[in-house]
Amino acid sequence: MNKTHHYIIISAASFFTALLFFAIYNQWIIFCSPWSASAEKTSSVLIHKKQITHHYYHGDKWKTEKQEMLWQDNVEQNIFHLINAWLLLLDEEHITAKKTTLQSALVTTAGCAYLSFDHNILGKEDTIFKKWMVIEGLLKTIVANGITIHHVQFLVQHQPLQDAHLDFSLPWSVHGFIHQV
């Protein structure tokens, strides 16, 4: 074998290697290991429709509204979607002055949910009773839909919610107030 044959073999091998990498990069060829396939199966999320109930205080009485929602095994995702749907309902009913959304929900192993809103859900000019009823409506909605938590810590932009009338420095219990379901 002379030098020309070596160059032809190296060039052909480089060409086919480049074609192989090009095909893999453009996902014309996909390699799956048996380990990654079983990991994908165990991480799949079961999602089903569930009829949820929103509770809110409006017009001097408690009202409920039912809605179908996609429900999954992840408690934090369920809380996130449930509370955002509840906040949207409050905005539509003109109970809150400003449209508010839940930024994130985190549940600790001790059963405390940390809820961070983008704005304060309580109006500065609202009465103590109205503020309390907004919080009670949220807690009642959580309990009525089978979310198994014990306390809720209210946050705004990941900082403790500040209010002149109600104390949010500690988590609020979801049981023991007026919201009997």
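Note that the numbering runs from 1 along the sequence shown for the chain.
Side-chain contact between Leu70 and Lys49: present, with at least one pair of heavy atoms (C-beta onward) separated by less than 4.5 Å. With contacts defined as side-chain heavy-atom distances shorter than 4.5 Å, the pair Thr141/Ile52 does not qualify. Using a 4.5 Å cut-off on side-chain heavy atoms (C-beta onward), Leu166 and Leu161 make no contact. Between Asp91 and Thr100, every side-chain heavy-atom pair lies at or beyond the 4.5 Å cut-off. Taking 4.5 Å as the limit, some side-chain heavy atom of Ser104 sits within range of a side-chain heavy atom of His158. Side chains of His54 and Asn145 form no contact here, defined as non-hydrogen atoms less than 4.5 Å apart. For the pair Leu88 and Lys99, the minimum side-chain heavy-atom distance is below 4.5 Å. Taking 4.5 Å as the limit, some side-chain heavy atom of Met133 sits within range of a side-chain heavy atom of Trp62.
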- Task: Run the numbers on Trp86 and Leu82 for side chain to side chain contact (heavy atoms under 4.5 Å, CB included), then give the verdict.
- Result: CA-CA 6 Å; Trp86 180 79; Leu82 176 69; 5.7 Å; no
- Task: Under the side chain to side chain contact (heavy atoms under 4.5 Å, CB included) rule, what do Gln103 and Gln157 come out as? Steps first, then yes or no, please.
- Result: CA-CA 8 Å; Gln103 289 179 322; Gln157 298 288 335; 3.4 Å; yes
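No continuous path of hydrophobic side-chain contacts links Leu106 to Ile142 [ILVMFWY only; heavy atoms under 4.5 Å]. A single hydrophobic cluster is seen to contain both Ile83 and Met69, as judged by linkage of ILVMFWY side chains at heavy-atom distances under 4.5 Å, directly or through other members. No continuous path of hydrophobic side-chain contacts links Leu138 to Leu170 [ILVMFWY only; heavy atoms under 4.5 Å]. There is no path of hydrophobic side-chain contacts, each under 4.5 Å, that joins Leu102 to Tyr114. If you chain together hydrophobic residues whose side chains sit under 4.5 Å apart, Leu155 and Val174 never meet in one group.
Looking only at distances, no side-chain donor or acceptor of Lys124 sits under 3.5 Å from a matching main-chain atom of Ala164. Between the side chain of Asn78 and the main chain of Asp73, no donor-acceptor pair closer than 3.5 Å is present. Using modelled atom types, one side-chain atom of Gln153 and one backbone atom of Phe168 make a donor-acceptor pair closer than 3.5 Å.
In this structure, Phe154 and Phe117 have parallel ring planes: the angle between them is below the 30° cut-off, well short of the 60° mark. Using bins of under 30°, 30° to 60° and over 60° for the plane-to-plane angle, the ring pair His58/Tyr56 lands in the tilted bin.
More than 12 heavy atoms of other residues, nucleotides or ligands shown are found within 6.0 angstrom of CZ on Phe80. The 12-atom threshold is not exceeded at CD of Glu125, counting heavy atoms of other residues, nucleotides or ligands nearer than 6.0 Å.
In this structure, a donor-acceptor pair under 3.5 Å is present between the side chains of Thr101 and Asp118. There is a side-chain donor-acceptor pair under 3.5 Å between His5 and Asn2.
Between atom CD1 of residue Ile95 and atom CG of residue Leu87 there is a gap of 10.5 Å, rounded to the nearest 0.5 Å. Note: Gln51 CD to Gln67 CD = 9.5 Å, rounded to the nearest 0.5 Å. Note that CD1 of Ile79 and CD of Glu76 are 7.0 Å apart. Values are rounded to the nearest 0.5 Å.
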